[in-house]
Amino acid sequence: MPHTQLIDDLKRIVGPNGVVANPDALMTYDADGCVMDIGEPQVVVLPTTAEQVSGVVRLAARYGVPIVPRGAGTGLSGGATPITGGIVVSTARMDRILQVDTRNGRVLCQPGVINWELSNYLKPYGYQFAPDPSSQKACTVGGNIANNSGGPHCLKYGITASHVLGVEMVLPDGQIIWTGEGAPALSGYDLTGVVTGSEGTIGLVTAAWLKLTRLPEAVRVVLALFPTIAGASATVSQVIAGGFLPAALEIMDRLAIKAVNDMYRLGLPEQADAALLIEVDGVEDGLDDLLADVTAVCWRNGAIDVRPARTLAEQNQVWAARKNAFGAMGRLAPTYYLVDTVVPRTRLPYTMEQVGRISAEYRLPIANVFHAGDGNLHPIILFDRRDSSQNQRALEAATGVMQVSIEQGGVISGEHGIGVEKQDYMTLLFSTDDLAAMAGLHQSFDPNDLFNPGKVFPKGRGCGELAALRRAGVAWESLKHGVN
Amino acid sequence: MMSGLQQQLAELVGETNLSADGAAHAIHGQLPTLVVTPGSVEELAQSMALCYEARMPVVPWGGGTRQLWGRPLSATSFVVIKTTRLNRLLTYEPDDLTISVEAGMTLGHLDQLLAANNQMLPLDAPWPERTTIGGLLATAIDGPRRPGYGTARDLLIGIRVVEATGRISKAGGMVVKNVSGFDMMKLYLGSLGTLAIIVSANFKLLPQPRATGTLACSFAQPAAAFAFAEAIRASYLTPAAVEYLEGWPVEAAATTITMLVRIEGLPAAVERHVRDLSGMAAHAGATAVQRDPPAELGLAWAQVANVAHPLTATPGELSLRLSCLPGALEQTLAVLRDLARRQGLLLRIDARALSGMAYLRLVGDEETLRGWYTAALALHPQLSLIAATPALAAELPVWGVAHANLELMQRIKQEFDPDRLLNPGRYLVG
């Protein structure tokens, strides 16, 4: 296929300013936040409308070239990495908030809107977009939808999928569809639900009606310090089991405390092995009682200090430290590998112990900053990528974390997605039949495997092959003959 | 004489779990050839495989409370597969606030298990003593506490299904946050058994609230009641349920309007809500505000939840569901009410006032009901008939009109059930 022809055709669709083909510039797009895998795109386009996206997708289908959707590129699983080349479709220029409709509890925005900017925009109306990933100052709502990525406040307000009311998306055949606009319980299959978290493999979202969440009347934040991470983890398990409903429960360990202290001058005692950030919100009435109850659990589990963030400025500082902790990791090591897994919340103390063991075993420091209330771990393996031995050990340590999480009844991604990073671990969690059902869903949207190919499904177990297995009725044959 | 399929099924599940008497399992008057009640997921899967081999259509059946929903079957003979013996608790770790149960467990049974640990799954489906978890999920029915806790869509964290061929697959897990693989839960939820039969489900749970309260606010006019709802929406208050009832309970006059508000949470927060809500109701023009109304008023939450879905189709009665944007609810109801009055029909309304969902009950002669539904669909296409006589269910567009994305949905159906064996003809798709 003549490369220049493709580029000319693309320029006709999105305009000359919407096409990036310069080899130096293309390098910016060869990976997302996951640095373990890279792949060079043939070309990058930056459309501004759904019609342009549709035109690009139709063209790609004609050329048989893959489409790789990309938001801000903050993803940590390689979801936006053009692993098999193709056309990267960046939503960077689709960044407008189109309509705030408080009466219907919804906001319409384009996929390239930055999560943080959306919530700031909504503040004067008295609302927020509740999902708040730690990367919210950079990540886009399109990426949040693609990876079902939430943040600390999912604990109370639910996962991102619960905040997506309907989307406009371009299907792999170029068709533009709307899946809903905010009316509940439409007849028919829940297309909004299945596209959320599908990692750009079945559709490219070009606009979304998102749910507005009322800002609470009152918020209280405290930071509880513990001599051990076990104490903090046990506190979280007991707060959940005790039926308290905080808005967020976030843990930072000693390494993370040190990093954010250096960066934000929080003055947290570095002899503390763990800091637990607790937020409660709601109407003013009863909030102090709730906080007192939760604080009592902290003391019972050996807290050495419980520091309330009294003013809004103090609260913001604590939250900034928590959410920018990943950025502060650069102070500790040249590279970090953030592993996202989830375990049942009672398994948290044991799992954290195992993370400590893995750190020792692979001789790599591991920092922990995570959504403890949801059981969502984020061990951050610190290493130097230029050292191949460290590189290898980091990968093995990450595998260790995934294995422990699965052994404890957990899963291998809570909010970052599978992408290419974890595709080969999918078989640890799912049988061929489980994967084949997912492949069936995928095939009904993308029969030619053009959208973000080579992601989510295990390598060498492409969705085309899995779907063919289903159609051949292999499992049915084995059932009929009573073998497994 | 026993057919080959009957014999094979009898050998599989045992004679006592197979019945050729379909009368108790009629769907819009259509009788199944066989009713099979497997005792395990594996037996259910093998039953499905046998039916698949014989290309025999299958109707999944839980508590049978929602079999009125949907069009008549497009098949002339079919087998009912019941999940009632799949009623086991699989995993319950109270301290994790998660549970996994088989699909044939009733919601009432599940509620009991959870109550023993001061926990809840706040779905409020109608007829909980009969409604099974599988049926609740396949129909995606909601309950009054939708504003406070959402629906099954928000609380379902894992699922296991059996596909038409008998293949067993799962998705999700036992954790509250998960993006490991596609969210197949959303696909099966509300698909009316047309893609697979749900055999088990995992949920995230909530602690039971420490305090609760209910306010019954009476209004003379719908506009005043909706002004109250709008005031709630614009406030900081977070009631668990805000139910608009017009003409309920049945003993009341058709023009009786009650806004029933449920509050759950910390004791101080509940008191604050009661205080503020009472004031807001009065300000909106409430004629009476009563805290925790006595049972004889017929406004107990369990009764209110049942209103949406009648168990039988009564001649001269039509039950339907309306879905719209929350802010359009008052106006949409006004239009439909007006239409009913002009045609001399009695209309009762149960609406989730903050959610854009309403359940309507119309009483009148069949000819007028038919005309009303057709005219109503022209004004508002997102209606669904949830109980009607077999004749009306066969004739009227049960799932509403003007649907988007049917072709894509058909492709999904084609992928999962190419032979159209699962609940054929009953849903919008398939």
Side-chain angles (χ1 to χ4, degrees), chain A residues 103-105 147-148 154 158-159 161-162 177-178 182-191 193-194 196-198 214 217 240-241 243 282-283 285-286 289-290 342 344-346 374-376 409-415 417-418 426 429-430 433-434 437-438 440-441 443-444 473 475-476 479-480, chain B residues 45-46 49 52-53 93 95-98 118 140 142 150 153-154 165-171 173-184 186-187 189-191 207 236-237 266-269 272 323-327 355-357 382 384 399-400 403-405 409 411-412 415-416 428-429:
Chain A
R103 191 165 159 73
N104 290 306
N147 294 296
N148 196 2
C154 286
I159 56 170
S162 293
I177 67 165
W178 272 101
L186 300 178
S187 298
Y189 300 142
D190 181 0
L191 301 177
V194 297
T196 306
S198 65
R214 195 84 170 89
E217 181 180 75
I240 296 296
V283 294
D285 311 63
D289 303 340
L290 175 62
V342 195
R345 292 164 290 195
T346 50
D374 281 325
N376 189 184
V411 298
I412 56 176
S413 182
E415 53 177 10
I418 299 301
M426 285 286 275
L429 214 49
F430 295 113
D433 283 346
D434 302 339
M438 294 177 198
L441 173 68
Q443 290 287 292
S444 41
W476 169 63
L479 261 173
K480 204 173 54 164
Chain B
Q46 287 173 24
Y52 181 76
E53 189 176 32
E93 188 65 62
D95 284 357
D96 279 328
L97 276 93
T98 55
N118 290 316
D142 70 343
R153 194 177 187 271
D154 306 295
T165 52
R167 185 185 294 107
I168 303 169
S169 64
K170 68 169 185 306
M174 281 295 275
V175 292
V176 298
K177 202 173 176 189
N178 189 356
V179 60
S180 312
F182 291 166
D183 189 345
M184 304 299 284
K186 303 284 195 296
L187 182 65
L189 191 65
S191 65
Y236 285 118
L237 303 182
L266 301 165
R272 155 80 183 281
S323 162
C324 66
L325 287 173
S355 313
M357 290 285 289
Q382 285 162 17
S384 168
W399 298 103
H403 302 287
N405 310 320
M409 291 180 196
R411 288 213 299 270
I412 298 173
E415 189 64 47
F416 280 78
L428 174 66
V429 188

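Chain A is the first sequence line, chain B the second, and so forth, proteins listed ahead of strands; every chain is numbered from 1.
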(message) Between A:Ser413 (side chain only) and B:Ser180 (backbone N and O only), is there a donor and an acceptor less than 3.5 Å apart?
(response)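 Not confirmed, A:Ser413 side chain does not pair with B:Ser180 backbone.
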
Region of [X] that comes under 4.5 Å of a non-hydrogen atom in chain B:
X        : result
A:Asn376 : side chain
A:Arg214 : side chain
A:Met426 : side chain

Using a cut-off of under 4.5 Å on heavy-atom pairs, state which of [options] scores highest against chain A.
options                                : value
B:Met357, B:Gln382, B:Arg272, B:His403 : B:Arg272
B:Ser323, B:Ala269, B:Gly400, B:Ser384 : B:Ser323
B:Glu93, B:Met174, B:Lys177            : B:Lys177

When rounded to the nearest 0.5 angstrom, what distance separates [atom1] in [X] from [atom2] in [Y]?
X        : Y        : atom1 : atom2 : answer
A:Leu186 : B:Asn405 : CG    : CG    : 10.0 Å
A:Ile418 : B:Phe182 : CD1   : CZ    : 10.5 Å
B:Asp183 : A:Asp190 : CG    : CG    : 8.5 Å

Do you know which two heavy atoms are closest between [X] and [Y], and how far apart they sit?
X        : Y        : result
B:Val179 : A:Asn147 : CG2-O, 3.4 Å
A:Pro344 : B:Val175 : N-CG1, 3.7 Å
B:Ile168 : A:Asp434 : O-OD1, 4.3 Å
B:Arg153 : A:Ala161 : NH1-O, 3.3 Å
B:Asp154 : A:Ser162 : OD1-OG, 2.6 Å
A:Met438 : B:Gly181 : SD-CA, 3.8 Å

(request) Walk me through it: do B:Asp95 and A:Arg345 pass the test side chain to side chain contact (heavy atoms under 4.5 Å, CB included)? (result) CA-CA 8 Å; B:Asp95 284 357; A:Arg345 292 164 290 195; over 6 Å; no

Name the member of [options] that forms the most heavy-atom pairs with chain B at distances under 4.5 Å.
options                      : answer
A:Gly182, A:Ala185, A:Gly286 : A:Ala185
A:Gly282, A:Ser187, A:Gly243 : A:Ser187
A:Leu191, A:Thr196, A:Asn148 : A:Leu191
A:Ile240, A:Ile159, A:Asp374 : A:Asp374

(message) Taking side chain as everything from C-beta outward and backbone as N, CA, C, O, which of these in B:Ser191 sits under 4.5 Å from a heavy atom of chain A? Side chain, backbone, both or neither.
(response)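 When you check distances to chain A, atoms from both the backbone and side chain of B:Ser191 fall under 4.5 Å.
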
(request) Sort B:Met184 into side chain, backbone, both or neither according to what part of it lies under 4.5 angstrom from a heavy atom of chain A. (result)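 For B:Met184, the contact with chain A is made by the side chain alone.
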
(request) Taking the side chain as every heavy atom from C-beta outward, state whether B:Leu187 and A:Leu441 have any atom pair closer than 4.5 Å. (result)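 Yes; the side chains approach each other to less than 4.5 Å.
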
(request) Measure the shortest side-chain to side-chain distance between A:Asp289 and B:Leu266 over non-hydrogen atoms and say whether it is less than 4.5 angstrom. (result)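 Not touching, per the 4.5 Å side-chain cut-off.
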
(request) Return yes if a side-chain donor-acceptor contact under 3.5 Å exists between B:Ser169 and A:Asp433, otherwise no. (result)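 B:Ser169 vs A:Asp433: no donor-acceptor pair found between side chains.
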
